[in-house]
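Source: prediction; values computed, not measured. Throughout, protein chains are lettered first and strands after them, A, B, ... in sequence-line order, and every chain is numbered starting at 1.
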Number of protein chains: 2
Amino acid sequence: MPLIDPAEVFQPHDHASCAAQTLARAEEICDAAGARLTPVRRRTLEVLLETHKAMGAYEVLDRLAEDGFGHQPPVAYRALDFLVEHGLAHRIQRLNAFTACTQPGGHAHAPVFLICERCHAVAEAPGPGVRDALENAANAIGFAVERAHVEALGLCPACQKETAP
Amino acid sequence: MPLIDPAEVFQPHDHASCAAQTLARAEEICDAAGARLTPVRRRTLEVLLETHKAMGAYEVLDRLAEDGFGHQPPVAYRALDFLVEHGLAHRIQRLNAFTACTQPGGHAHAPVFLICERCHAVAEAPGPGVRDALENAANAIGFAVERAHVEALGLCPACQKETAP
DNA sequence: GATGACATGTTATAACATTACATTTAAGGT
DNA sequence: ACCTTAAATGTAATGTTATAACATGTCATC
């Protein structure tokens with residue numbers, strides 16, 4: 001039972017509850033892993049959860065600084081790294097930016113990212129099918145995949161409607 | 001008939017001929033497209049072709065400067081952008097770096113990249129299977145994919161042997 | 001030989017990321 | 001409670017990657 005359906009990310013939804021539930025789930029995950037969701041880390045996740053767009057580290061940093069945390073880059077990068085390590089956020093390579101995980105603990109930590117070029121929202125689609133295909137392609141030449149980044153650029157359902165007519 | 005088999009990239013091979021053939025093919029492609037493979041651009045491609053590792057823009061820039069071209073970042077970025085636009089090179093998002101295309105004109109311009117974490121070589125495997133799986137995952141939520149970056153990290157065949165025993 | 005499109009050179013700066021070191025905080029053992 | 005230690009945070013300095021903006025040069029075409 002995903003917290004939010006991938007398709008809903010691109011549509012208006014009860015975002016307050018979407019964010020609150022994800023945050024609650026994040027706390028459970030940290031608890032279970034014996035990891036500490038400290039104030040900066042928690043606040044960083046809250047900031048990322050405000051939007052489904054990816055956010056740059058410096059934008060996060062500005063927000064943290066406003067809240068009284070340090071205003072040097074490592075403050076943001078450390079918190080973001082923690083979140084990524086624990087599967088609570090993802091780095092979007094294509095954008096050099098970060099986004100809160102919408103499925104923490106979900107689909108085997110191997111999502112594919114769908115990045116809308118018009119509204120800049122980022123959704124996570126289930127990755128297993130794509131991973132399998134990738135494994136096949138790699139195995140065919142003897143390459144052993146450890147992890148993969150799959151990022152698609154295109155138009156989300158809502159923006160397709162806006163653009164076409 | 002690919003210029004070089006993906007698997008060979010990770011093994012010793014006649015690299016001089018590999019590079020020369022690719023360069024020749026690049027010239028044909030530019031000709032056919034009415035694009036000009038000017039001295040900087042050609043030299044940039046030659047530099048990338050020296051190795052199957054991805055190369056950062058500033059490393060390329062240094063090489064160009066040595067050869068008497070300008071030594072400001074745009075010199076390298078413009079040449080690299082040209083090569084990428086014409087399918088003669090690829091940007092590897094994960095590494096913020098560039099690599100010469102080993103299959104110019106080949107497998108529908110939709111390769112998946114295999115990045116060896118030990119020797120840092122980058123190979124291109126045929127992407128269609130992966131693209132199809134990605135299309136399926138995206139279509140399921142109404143997302144229209146325009147292009148995608150698929151990058152796998154792991155160990156190439158040669159480095160698996162080196163590491164295991 | 002003027003025009004216009006493309007390509008290159010150069011300056012400056014923006015945007016993203018890390019190293020290194022000092023200080024504080026929290027957890028566990030005695 | 002107190003000490004020890006590991007983890008987390010703060011801060012300064014710097015490194016790396018990328019682009020904007022504008023000037024100059026080159027070349028094909030008319």
Side-chain angles (χ1 to χ4, degrees), chain A residues 26-27 30-31 33-48 53-86 88-99 115 120 122 149 151, chain B residues 26-27 30-31 33-48 53-86 88-99 120 149 151:
Chain A
E27 275 166 353
C30 285
D31 251 31
R36 296 168 52 202
L37 191 60
T38 61
V40 222
R41 293 167 176 175
R42 191 191 153 92
R43 185 70 194 120
T44 300
L45 182 53
E46 285 172 5
V47 167
L48 290 182
K53 295 177 193 166
M55 198 175 279
Y58 278 71
E59 192 179 348
V60 170
L61 178 58
D62 287 345
R63 299 293 309 278
L64 292 174
E66 280 172 19
D67 293 341
F69 297 101
H71 54 289
Q72 309 303 326
V75 172
Y77 281 102
R78 283 197 286 236
L80 290 166
D81 287 349
F82 171 89
L83 296 175
V84 170
E85 252 171 45
H86 290 82
L88 306 176
H90 301 287
R91 172 180 220 122
I92 307 299
Q93 305 286 348
R94 176 61 213 240
L95 305 174
N96 291 324
F98 300 83
T99 185
I115 306 166
H120 302 113
V122 177
H149 295 268
E151 302 177 355
Chain B
E27 275 166 355
C30 285
D31 252 30
R36 296 169 52 203
L37 191 60
T38 61
V40 223
R41 292 168 177 173
R42 191 191 153 93
R43 185 72 194 122
T44 301
L45 182 53
E46 284 172 6
V47 168
L48 290 181
K53 296 178 192 165
M55 196 175 280
Y58 280 73
E59 194 179 347
V60 170
L61 179 57
D62 287 346
R63 299 292 309 275
L64 292 174
E66 280 173 21
D67 293 340
F69 298 100
H71 54 288
Q72 308 305 325
V75 171
Y77 280 103
R78 283 196 286 235
L80 290 165
D81 287 349
F82 171 89
L83 296 175
V84 169
E85 252 171 45
H86 290 82
L88 306 176
H90 300 288
R91 171 180 222 123
I92 306 299
Q93 304 288 345
R94 176 61 214 243
L95 305 174
N96 290 325
F98 299 82
T99 186
H120 303 114
H149 296 267
E151 302 178 353

Gap between atom CZ of B:R78 and atom OG1 of B:T44 - 0.5 Å precision: 11.5 Å
Whole angstrom value for the distance that separates C1' of D:dT9 from CG of A:D67: 16 Å
For nucleotides 4-18 of chain C, 5' to 3', base contacts (B), sugar-phosphate-only contacts (S) and non-contacts (-) with protein non-hydrogen atoms under 4.0 Å give ---SBBBB----BBB
Taking B:R41 for its side chain and B:R36 for its backbone only, find out whether a donor-acceptor pair lies under 3.5 Å. yes
Counting only N and O atoms by type, is there a donor-acceptor contact under 3.5 Å from the side chain of B:R43 to the main-chain atoms of B:L64? no
Residues which pass ring pair (Phe, Tyr, Trp, His ring centres under 6.0 Å) with B:F82, listed by chain and number, not counting sequence neighbours: B:H86
What residue among B:R94, B:E151, B:Q93 forms side chain to side chain donor-acceptor pair (under 3.5 Å) with A:H149? B:R94
